[in-house]
Structures are given as structure tokens and as C-alpha cells.
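Every chain is numbered from 1, with letters handed out A, B, ... down the list of sequences. Note that the structure is predicted; figures quoted are calculated from it, not measured.
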Protein chains: 2
Amino acid sequence: MSEPERRASGDRGKSTAEKPRLDRQRILEAGAEFIEQFGPRHLTMRRLGTELGVEAMSLYRYIPSRENLLDGIVEVVIDELYQDPEVYAEPRHGWQDYLLRLAHGLRRLALAHPQVFPLIATRPTEAPWVRPPLRSLRWVESFLKALTSAGFSNQAAVDAYRAFSSFLLGHLLLEVAALGADVGPVDDVEPRPPRSTDLDDYPLLQRLQERLSEDRSEQEFEEALESLLDRLEALQN
Amino acid sequence: MSEPERRASGDRGKSTAEKPRLDRQRILEAGAEFIEQFGPRHLTMRRLGTELGVEAMSLYRYIPSRENLLDGIVEVVIDELYQDPEVYAEPRHGWQDYLLRLAHGLRRLALAHPQVFPLIATRPTEAPWVRPPLRSLRWVESFLKALTSAGFSNQAAVDAYRAFSSFLLGHLLLEVAALGADVGPVDDVEPRPPRSTDLDDYPLLQRLQERLSEDRSEQEFEEALESLLDRLEALQN
DNA sequence: ATGCTTAGCTTACATCGTAAGCCAATCCGA
DNA sequence: TCGGATTGGCTTACGATGTAAGCTAAGCAT
């Protein structure tokens, strides 16, 4: 009424626009920020709406559901790992260097987003053999490539991927929990129907899918346990 | 009206009573069972009520809130570890034996309750230095006693506790997730105000509380990472 | 008998996710 | 220039949820 037309004049958006228009990316980023500030539990459609100066239902033009919103937020945050110059950079100095960078990158990510990290760590992944927190097909492919091309057998590379995931998950989840993050059941999700993924862009994944799907949890557990005991032995006395 | 008095006659309850009366324990057990069957996401006060043949609000006479209900369920399930004869039994054959039993006991527990385990793993603990999944004061005390009396220094015992927790959490959480359990944010919780706990019964905890509260995540991470890399090196070629 | 206590029920409310439909502003082809 | 189509956000509405408040009937002790 009183306000002279807001979002005025023909110059579309780009200018000083105090209300830059809604779009999926903006929503996801706002969501990530919101969670970091208040914890996932407080992220509701209505609150995120008001945060963006908009009604809750407006979000649904860009986001099909709250579940999908959370998935999107996780993706957005994970994507930072690609922008991390310390991590991205072809494995120049051997696989150990690669794994070190990756581990440190993920730790940095977790510490930078302690509230989002539990989502990264516990939300179902797009395929059952993709394990958090290294939860994108791209990273799995990258991981397997680094190891196999360093002389690991396929099986060994897969085993390494699993061991690496378990290690990161356990340590980082406990570390952010200690920071007071809302680790605890954040939000419940139905086990997802395995969205049959397109592996065209991921040759290694395609080739190793079978092996990746095998259940070797028992052996993995026993081996890691034994190795842990060895390590602890060194602490004795 | 028509029904001739149910829960009849003076013989109080013990008999054939098809409606055995409500009490906290019974509610928690029903809750655990319910979660195991349908996943935590579907556990609502009303549904648990009907499960017990009772209105939702009746539960509140025994349970202050849903949060507390989940806590109780976790406790009930964890308590099974004490009943496990493979685990409980004073550390007869040295600390390694003790840790092996404990690890296997927890794994058994996780596999027996894949839907509850994520709660065990991610719900906030009663003190910040109690780390899931070994999340009861009793177990921490027991753990520290086993190690210190086997010659570990206090610091070493604490370090061992942390390494052990991370190991179990990572491996077991991923293992039950692979079983299709609702790992993903199950239910969100406010970080709990550290309920100042009574440590009178736990002399070691009392003595080591300071050390247990120190933040050594960086070192722990680096050491475990290095050890993991060593282990993976053996897989190469 | 009388009043107290107990255990479960009824009602009510705020908040949530989201389905359905509305409406004004913009865009586009004539 | 215009008039329909499209777009983007809003309004309303519904069922589910956790839980506060108060009720009531059965059993108890006096």
C-alpha cells in the first residue's frame, strides 16, 4: 500500500535488490547457515522461510520436501571439500599424501560445520555402498583411483575405503559431539529406496560395484580391532 | 458397561491379567521393541500408547517426555551388555582379552538391535566425557580399571578409552547403517545441560575426571590416522 | 461410610510438514 | 500495444505430533 513498489524498476534483480529473489541454491545456503546457528532440530520450513523473508510454502517451489532440503544442505556443505585447495589437487605425493589431505580436509570441514556434520555422517547415502562421511560418488571414485593407481588391488582399495570411512566417522562424529553439536538423532529418515544411480561418469565405481557391495564387516571389524589393540599395547607402561 | 469388570478380582495383577498394568520398565521395553520393528521415526507417544493398550497421555505418568523415553530405551538396551556372560566376567585374561570381549559384546548388541543402536551411538551422554557407544559411567569405570590395573598410566588408559570409542562408533554405526537401519538423524536433541553427576560410586572416574575432560582430539586424530595409514600400507601390492 | 490417592482418560493447544488453490506481476507473441 | 499464459509467492487448510491441564473412577486407609 504505502510502500512505493518494491523490487522496483525494470533492472532485473542484479542491482541493489534487498530481496534478491528465491532460488534453490540460496535456500540451501540459508539452511546450512541456519543449522550451524541453531542446530538442525530448529530448522523448520516456516522458520527458514522467515529467515529468507518469505512464507514457508514459497520454499516448496524450489524444494520438494524437508527431507530433500536436508539432503541439499548436506551436499552444499560437502561441496566445500572440492573448493579446499589443500585437498583438491591431484595426488602429487603418493597415496599417503592423498589420504592425509583428505582426512585433514574432512576434519576441517567437520570443525567448520559442527552442526551440519552429524547430518553428513548419518543421513542415508545415494547408494548403500557409499559410506559417510566421504559420501559423494565423485569422492569415492577419486579415492579408489588414487589407491588403485598406487598399486593397490581392487579389493585392497575397497577395504581401504571402508577402513578410512569408519575411522573418519568415529573420530569426527565424536569430536563434533564434544563441541556440543546436535549429534543425536537429528532427524529421522526412512531408508531410501536405492535410487539406481547412473555410474556412467565413474568407471571405477562401475567396475568395482560388486566388490563394494559385498559384506565384509566381520573381517573389517576384526582387523581394525586387532590393529587397535596393537596400537594400545604401545601405550602400556 | 457390558464387560464384566476387567482386571478383576482382588488377586493383584500377578495372575492372567491381559492388561498387566503400566510401569516405566514395561513402557521402555515396549518402546525398544517398537523401534526395532518400525524404526525410531515411527515411535510416537500415541502409537506406543496403543501398542500398550493405553492412551498416549497415560504414558506421561511414568515418563516425563519423549526425549526421556528415548533415553530410557537406550539405557534398557545398553543394560543387556551387563547380562552378556561373554562380556561380564572380570578380566580374567588380561586387558586385551577384556577389550576383545567388550568389543564383541558391543558388536553383538548392535547387530541384535540395529534400529536402536544409532540412538545409542548418537544420543547425548550424561557427561560430556562419556562417549558413545560405551556410554554408561559403569562401563567407563570398568574400562579404566581394567587398563590401569594392567599397567596403563592414567593418561594412557584415558587415551585408550577414547580410541576404543571412536573405533566402535565408526565401525558399528556404519555396519548397522548398511543393514538399513535408520541411522540418519533419528531425532534431534538439545545439547543437554551437563547434569552434574554423582561420582561417589566411581572412584576412578572421580580421580580421572579432569583428564577425561581434556581435549586431545587433535593428537588422537593424528595418531589414529597414522596408524591407519600404516595398516593400509600392508594392503598395498 | 468418607475422604484421599492413584492410574488412566479427555480435551485442548501450539507447532509441524505440506496439499491445494489463489492472485498479482511479469513475459511474450500478435 | 495488448491480452493471454506463466511465474513466484501467498493464503488457507488439514492431519499428525508432543504435551499441559484437568477429570474421573476405582481402590485404599481411616
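In this structure, A:Leu69 places its CG atom 10 Å from P of C:dG17, rounding to the nearest Å. As a whole-Å value, the separation of B:Leu48 CG from D:dG18 C1' is 13 Å. Rounded to whole angstrom, the span from the CZ atom of B:Arg26 across to the P atom of C:dG8 amounts to 9 Å. Between the CZ atom of A:Arg41 and the C1' atom of C:dC16 there is a distance of 12 Å, given to the nearest Å. Put simply, CG on B:Asp23 is 16 Å from P on C:dT6, counting in whole angstrom units. Taking atom CD of residue A:Glu55 and atom C1' of nucleotide C:dG21, one finds them 16 Å apart after rounding to whole Å. Put simply, CZ on B:Arg61 is 15 Å from P on D:dT24, counting in whole angstrom units. Protein atom CE of A:Met45 is 21 Å distant from nucleotide atom P of D:dG15, rounded to whole Å.
For the atom pair B:Asp198 CG and B:Gln206 CD, the distance stands at 9.0 Å (nearest 0.5 Å).
The aromatic rings of A:Phe164 and A:Phe143 lie tilted to each other, with the angle between the two planes from 30° to 60°. Ring orientation note: the planes of B:Phe167 and A:Phe221 are tilted relative to one another, at an angle of 30° to 60°.
At the phosphate of D:dT17, OP1 or OP2 sits under 4.0 Å from a side-chain N or O atom of B:Arg47. Taking only side-chain nitrogens and oxygens, B:Tyr62 comes nearer than 4.0 Å to OP1 or OP2 of C:dG8. Dashed line: the shortest gap from a side-chain N or O of A:Ser58 to OP1 or OP2 of D:dG8 is not under 4.0 Å. Distances shown here put a side-chain N or O of A:Arg21 below 4.0 Å from the OP1 or OP2 atom of D:dG8.
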ask   = After noting the C-alpha distance and the side-chain angles of A:Arg123 and A:Glu67, does the key distance pass the salt bridge (Lys or Arg N to Asp or Glu O under 4.0 Å) rule?
value = CA-CA 10 Å; A:Arg123 211 132 239 287; A:Glu67 288 301 309; 2.9 Å; yes

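Listed nucleotides: C:dC16, D:dT17, D:dT12. Nearest to the side chain of B:Arg46: D:dT17.
Nearest-nucleotide positions on DNA chain C place A:Thr44 closer to the 5' end than the other of A:Thr44 and A:Met57.
The side-chain contact (heavy atoms from CB on, under 4.5 Å) test with B:Ile78 singles out one residue from B:Arg135, B:His113, B:Arg138, and that residue is B:Arg135.
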